[in-house]
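First comes the structure, then the notes that go with it.
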Amino acid sequence: MTRRGRLEGKVAFITGSGSGIGRASARLFAAEGARVVIAEKNAEAGARVAEEIEKAGGRALAVPTDVTDESSIAHAVSMAVERFGAIHVLFNCAGGSIPQDGPVTDVDLSVWDYSIGLDLKGTFLCCRHVIPQIIAAGGGSVVNSSSVVALQGQPIHAYTAAKGGILSLTRALAASYGKQRVRVNAICPGMVMTDRIKARMQTGLLEQAAAMGHSVESHPFSIGEPEDIANIALFLASDESRMIHGATIAAEGGMSAY
């Protein structure tokens, strides 16, 4: 594992890090010197990522974590501090939409409960338990994962509301904890080719893109890989971004701009 040291000496707590953007971020953060906590609901997937990091020469701890369950988060944070002594970085990456989402007049209430619980409540609860540890460590960075849908009007209303709530929560957290040297920012990814998205879109990629209000031709940078978002998260987690606070970073190839 080639280390460049942008996160040397830091401990990063990454939710949803058993796959997709979270997995790419865990691997990248470890390569940059961080000790990484793999807070992943799927215990087997989390253990595999931790093993990958350890085999590459990094340090990682996999802790089965359900971000919708406060006691599960509290346990994971306790395990992280017990193993590594502190937490300096929180990347709230767990989340995602489901195909059953739709307009408010049609969508089943269970979809609303699922999206708000996983995306918004999960982010809220992780911040509740990790931010005190970041303060105790002398400061650090919180990176929240929102979505391009929070910047547009899309007909997936439960997910859009949850991801929009994350942006408001990000600003509120920044206002509250900046004086304690905790920076808080959000990323709004566009279409990222995670395994989950690939499985959902075996066919009809361009049709899905058109339904989201853009075309690949007019937005050639709008489809990315997990590593693209991991690179942004790394920047926000590192001291290189020390003047960025309370910001929303749109990583969607201009989909919300034109």
Side-chain angles (χ1 to χ4, degrees), residues 11-18 20-22 25-26 37-42 46 63-81 87-98 101 104 107 109-137 139-151 156-189 229 233 236-237 244-249:
V11 177
F13 188 101
I14 306 177
T15 67
S17 41
I21 295 169
S25 299
V37 181
I38 312 296
E40 164 63 46
K41 186 176 182 179
N42 184 323
V63 185
T65 308
D66 179 354
V67 299
T68 69
D69 180 348
E70 186 166 14
S71 63
S72 178
I73 296 167
H75 172 72
V77 171
S78 176
M79 291 290 290
V81 175
I87 300 175
H88 307 89
V89 175
L90 167 62
F91 184 15
N92 282 306
C93 199
S97 63
I98 54 176
D101 207 343
V104 66
V107 69
L109 189 58
S110 64
V111 177
W112 170 268
D113 292 339
Y114 173 89
S115 293
I116 295 297
L118 175 60
D119 292 289
L120 184 54
K121 180 183 176 183
T123 298
F124 175 91
L125 289 176
C126 288
C127 288
R128 179 202 286 272
H129 286 273
V130 178
I131 285 177
Q133 297 298 331
I134 297 176
I135 293 171
S141 176
V142 175
V143 182
N144 292 328
S145 181
S146 182
S147 169
V148 63
V149 303
L151 307 174
I156 46 173
H157 292 169
Y159 183 65
T160 297
K163 290 299 190 179
I166 288 173
L167 296 187
S168 293
L169 178 62
T170 296
R171 290 189 293 269
L173 293 170
S176 297
Y177 297 107
K179 56 183 167 295
Q180 292 163 288
R181 306 196 66 79
V182 180
R183 293 187 300 108
V184 189
N185 296 288
I187 306 173
C188 287
I229 307 304
L236 292 175
I244 300 178
H245 181 49
T248 296
I249 308 298

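The figures here come from the full heavy-atom set of this structure, side chains too, leaving out hydrogens, waters and symmetry mates.
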Q. Which atom pair, heavy atoms only, marks the closest approach of S72 to D66?
A. OG-N, 2.9 Å
Q.
Just by distance, no angles: are the side chains of N92 and S145 close enough, under 3.5 Å, to form a donor-acceptor pair?
A. no
Q: Decide yes or no for Y159 and I98: does some side-chain heavy atom of the first lie under 4.5 Å from some side-chain heavy atom of the second?
A: no
Q) Are side-chain heavy atoms of I156 and V149 found at a separation under 4.5 Å? A) yes
Q.
With rounding to the nearest 0.5 angstrom, report the CD1 to OG distance, I249 to S146.
A. 12.0 Å
Q: Using atom types as modelled and distance alone, determine if a side-chain donor or acceptor of N185 lies under 3.5 Å from a backbone N or O of V143.
A: no
(Q) When you measure from the side chain of S78 to the backbone of A74, do you find a donor-acceptor pair of N or O atoms at a distance under 3.5 Å? (A) no
Q | Interatomic spacing from CD1 in I116 to OG1 in T68 - rounded to 0.5 Å | A | 13.0 Å
Q. Would you say the side-chain atoms of T15 pair up with the backbone N or O of A39, donor to acceptor, closer than 3.5 Å?
A. no
Q) Rounded to the nearest 0.5 Å, what separation is found between the CZ atom of F13 and the OG1 atom of T65? A) 5.0 Å
Q | Test item: E40 side-chain N/O and G46 main-chain N/O as donor-acceptor pair under 3.5 Å | A | no
Q) Any side-chain heavy atom of V11 within less than 4.5 Å of one from V37? A) yes
Q.
Would you compute the distance between atom CG of L125 and atom CD1 of I73 and round it to the nearest 0.5 angstrom?
A. 4.5 Å
Q) Looking at I38 and A26, what are the two nearest heavy atoms and their distance? A) CD1-CB, 3.6 Å
Q: Could you walk me through whether T170 and N144 pass the side-chain hydrogen bond (donor to acceptor under 3.5 Å, both in side chains) test, one step at a time?
A: CA-CA 7 Å; T170 296; N144 292 328; 3.0 Å; yes
Q: Begin with the C-alpha distance, continue with both residues' side-chain angles, and end with the deciding distance and a verdict on side chain to side chain contact (heavy atoms under 4.5 Å, CB included) for L90 and C127.
A: CA-CA 8 Å; L90 167 62; C127 288; 4.1 Å; yes
Q: Examine the side chains of E70 and H129 and answer whether a donor and an acceptor come within less than 3.5 Å of each other.
A: yes
Q. Please walk me through it: do H157 and V107 pass side chain to side chain contact (heavy atoms under 4.5 Å, CB included)?
A. CA-CA 8 Å; H157 292 169; V107 69; 5.6 Å; no
Q: Could you tell me the separation between the NE2 atom of H245 and the OG atom of S141, rounded to the nearest 0.5 Å?
A: 10.0 Å
Q | Heavy-atom donor-acceptor pair, D101 side chain to A158 backbone, under 3.5 Å | A | yes
(Q) Before you tell me yes or no, could you show the steps for V182 and V142 under side chain to side chain contact (heavy atoms under 4.5 Å, CB included), namely the whole-Å CA-CA distance, both residues' side-chain angles and the distance that decides it to 0.1 Å? (A) CA-CA 7 Å; V182 180; V142 175; 4.0 Å; yes
Q.
Measuring from atom CD1 of I134 to atom CZ of R181, what distance do you get when rounded to the nearest 0.5 angstrom?
A. 13.5 Å
**Q.** Criterion side chain to side chain contact (heavy atoms under 4.5 Å, CB included) on L167 and C188, from CA distance to verdict
**A.** CA-CA 9 Å; L167 296 187; C188 287; 3.8 Å; yes
Q | Heavy-atom pair with the smallest gap, counting every atom of G246 and R171 | A | O-CG, 4.1 Å
(Q) Quick one, Q133 and V77 - any side-chain contact, counting heavy atoms below 4.5 Å? (A) yes
**Q.** Side chain H88, main chain G139, donor-acceptor under 3.5 Å
**A.** no
(Q) Any side-chain to backbone donor/acceptor pair from S17 onto I14? Under 3.5 Å, distance only. (A) yes
Q. Got a donor-acceptor contact below 3.5 angstrom from the R183 side chain to the L236 backbone?
A. yes
Q. Can you name the nearest heavy-atom pair linking A161 to W112, along with the distance?
A. CB-CZ3, 3.6 Å
(Q) On a heavy-atom basis, which atom in P189 and which in I229 lie closest, and how many Å separate them? (A) CB-CD1, 3.8 Å
Q | Closest non-hydrogen atom pair between A94 and G16, with its separation | A | CB-N, 3.7 Å
